[in-house]
Amino acid sequence: MQMLSLVRDPELELNIVDLGLIYSIIIDKGKKEVAITMTLSTPACPAGDYIKGGVELMTKEAFKDYVVAIVITFVPEWSADMISATGREELGW
């Protein structure tokens with residue numbers, strides 16, 4: 001999660017971890033695989049490719065010899081309730 005907190009949503013200027021976009025991270029050391037399940041704020045999110053690319057870049061940097069798989073899902077659908085307390089504070093909520 002720490003590495004992914006460096007990826008920021010360019011529209012909200014908030015990192016994707018505090019935004020609540022990361023649903024799960026599974027690291028299989030035996031198979032050298034990292035699987036990330038995440039979402040976007042909407043299916044038509046204009047920053048979707050940018051965010052996914054940032055997740056992929058950060059993960060590959062942290063796990064150099066691993067295969068990285070990123071799955072984007074909209075179940076459950078993202079809502080502002082998923083923003084962390086830190087994220088709400090940064091947004092001034």
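All values derive from a computational prediction rather than experimental measurement.
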Does atom [atom1] of [X] have more than 12 heavy-atom neighbours from other groups under 6.0 Å away?
X     : atom1 : answer
Gln2  : CD    : no
Glu89 : CD    : no
Glu11 : CD    : yes

Can you give me the closest heavy-atom contact between [X] and [Y], atom names plus distance?
X     : Y     : result
Phe74 : Pro43 : CZ-CA, 3.4 Å
Gly87 : Leu14 : CA-CD1, 3.8 Å
Ile83 : Trp78 : CG1-CZ2, 3.9 Å

Nearest 0.5 Å, please: how far is [atom2] in [Y] from [atom1] in [X]?
X     : Y     : atom1 : atom2 : value
Leu91 : Ser84 : CG    : OG    : 9.0 Å
Ile22 : Ile36 : CD1   : CD1   : 6.0 Å
Met38 : Ile16 : CE    : CD1   : 5.0 Å
Met82 : Asp18 : CE    : CG    : 14.5 Å
Ile51 : Ser41 : CD1   : OG    : 6.5 Å
Lys52 : Leu40 : NZ    : CG    : 9.5 Å

* **Leu21 side chain reached by Val55 side chain, heavy atoms, under 4.5 Å** =>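 Of all side-chain heavy-atom pairs linking Leu21 with Val55, none is under 4.5 Å.
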* Asked: Hey, are the side chains of Ile70 and Thr59 touching, using non-hydrogen atoms and a 4.5 Å cut-off?
  ->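 Side-chain contact under 4.5 Å: no.
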* Main-chain N/O of Thr39 paired to Thr73 side chain as donor or acceptor, under 3.5 Å ->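 No, the answer is negative, given that no donor and acceptor are paired below the 3.5 Å cut-off.
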* **Glu61 backbone acceptor or donor facing Lys64 side chain under 3.5 Å** =>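 Yes: the side chain of Lys64 pairs with the backbone of Glu61.
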[X] with [Y], same ILVMFWY side-chain cluster at under 4.5 Å:
X     : Y     : value
Val68 : Ile26 : no
Val71 : Ile25 : no
Val17 : Ile27 : yes

* To do: State which residues pass ring pair (Phe, Tyr, Trp, His ring centres under 6.0 Å) with Phe63; sequence neighbours excluded, sorted by chain then number.
  =>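 Phe63 satisfies ring pair (Phe, Tyr, Trp, His ring centres under 6.0 Å) with Tyr66 only.
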